[in-house]
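No hydrogens, no waters, no symmetry mates; every other heavy atom, side chains included, goes into these values.
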Amino acid sequence: MRAVLIIVAAAVVVGMTIYALLDIARTEKRHIVALPKALWFIIALIFPVLGPVLWLVFGFRRYRAGRRSDAGSHGLPPEGAPDDDEAYLKFLDQQAERRKRDEERRRREEGRDDTDPDVS
């Protein structure tokens, strides 16, 4: 039984370390906090339990709901539904108007094409 616990604990430590290393590698430099990316790699490798935990807690900036001001400055999507955004709603209205004008123009052009050629 003791051997099984040791194997499971080792697997958890290895899994945490691999996850942290992959997460460090794929996280953009501008989202990393406190230390350079290379130093986070070294910490995660040298301290197999503490390193990944430190990375997950302090290593990168997360998007937090309720802080809309951070959303635009970090390039992360704003919270909430798209229909809460005034600019998006305005864009949708403009798009609908454009489609309506295009449809009317298409109908007028089709109406001219359907006319009798002798009349023109």
I46-L39 co-clustered via ILVMFWY side chain contacts under 4.5 Å: yes
Donor-acceptor contact below 3.5 Å, side chain K29 vs main chain P36: no
Contact summary for I32 and K37, nearest pair of heavy atoms: CD1-CE, 3.6 Å
Single-linkage hydrophobic cluster, 4.5 Å side-chain cutoff, F58 and L35 together: yes
Basic-acidic side-chain contact under 4.0 Å: E104, R107: no
Derivation and outcome, salt bridge (charged side-chain N to carboxylate O under 4.0 Å, His left out), residues D102 and R105: CA-CA 5 Å; D102 290 345; R105 187 177 324 130; 3.3 Å; yes
Distance (rounded to the nearest 0.5 Å) between F41 CZ and L21 CG: 6.0 Å
Hydrophobic cluster membership, I6 vs V4, 4.5 Å side-chain cutoff: no
Name each donor-acceptor pair under 3.5 Å that joins a side chain in residues 47-55 to protein atoms two or more places apart or in another chain, with its distance.
from : atom 1 : to  : atom 2 : distance (Å)
W55  : NE1    : D23 : OD2    : 2.9

Salt bridge (Lys or Arg N to Asp or Glu O under 4.0 Å) involving D93 - partner list, sequence neighbours excluded: none
Euclidean distance, I24 CD1 relative to Y19 OH, rounded to 0.5 Å: 10.5 Å
Same cluster (ILVMFWY, side-chain, under 4.5 Å), V8 and V14: no
side-chain contact (heavy atoms from CB on, under 4.5 Å) between E103 and R106, worked out: CA-CA 5 Å; E103 182 65 27; R106 187 182 59 78; 2.3 Å; yes
Nearest-0.5 Å distance, CG of residue L45 to OG1 of residue T17: 7.5 Å
Linked, directly or transitively: I43 and V33 (ILVMFWY side chains, under 4.5 Å): no
Contact check, side chains of E97 and Q94, non-hydrogen atoms, under 4.5 Å: no
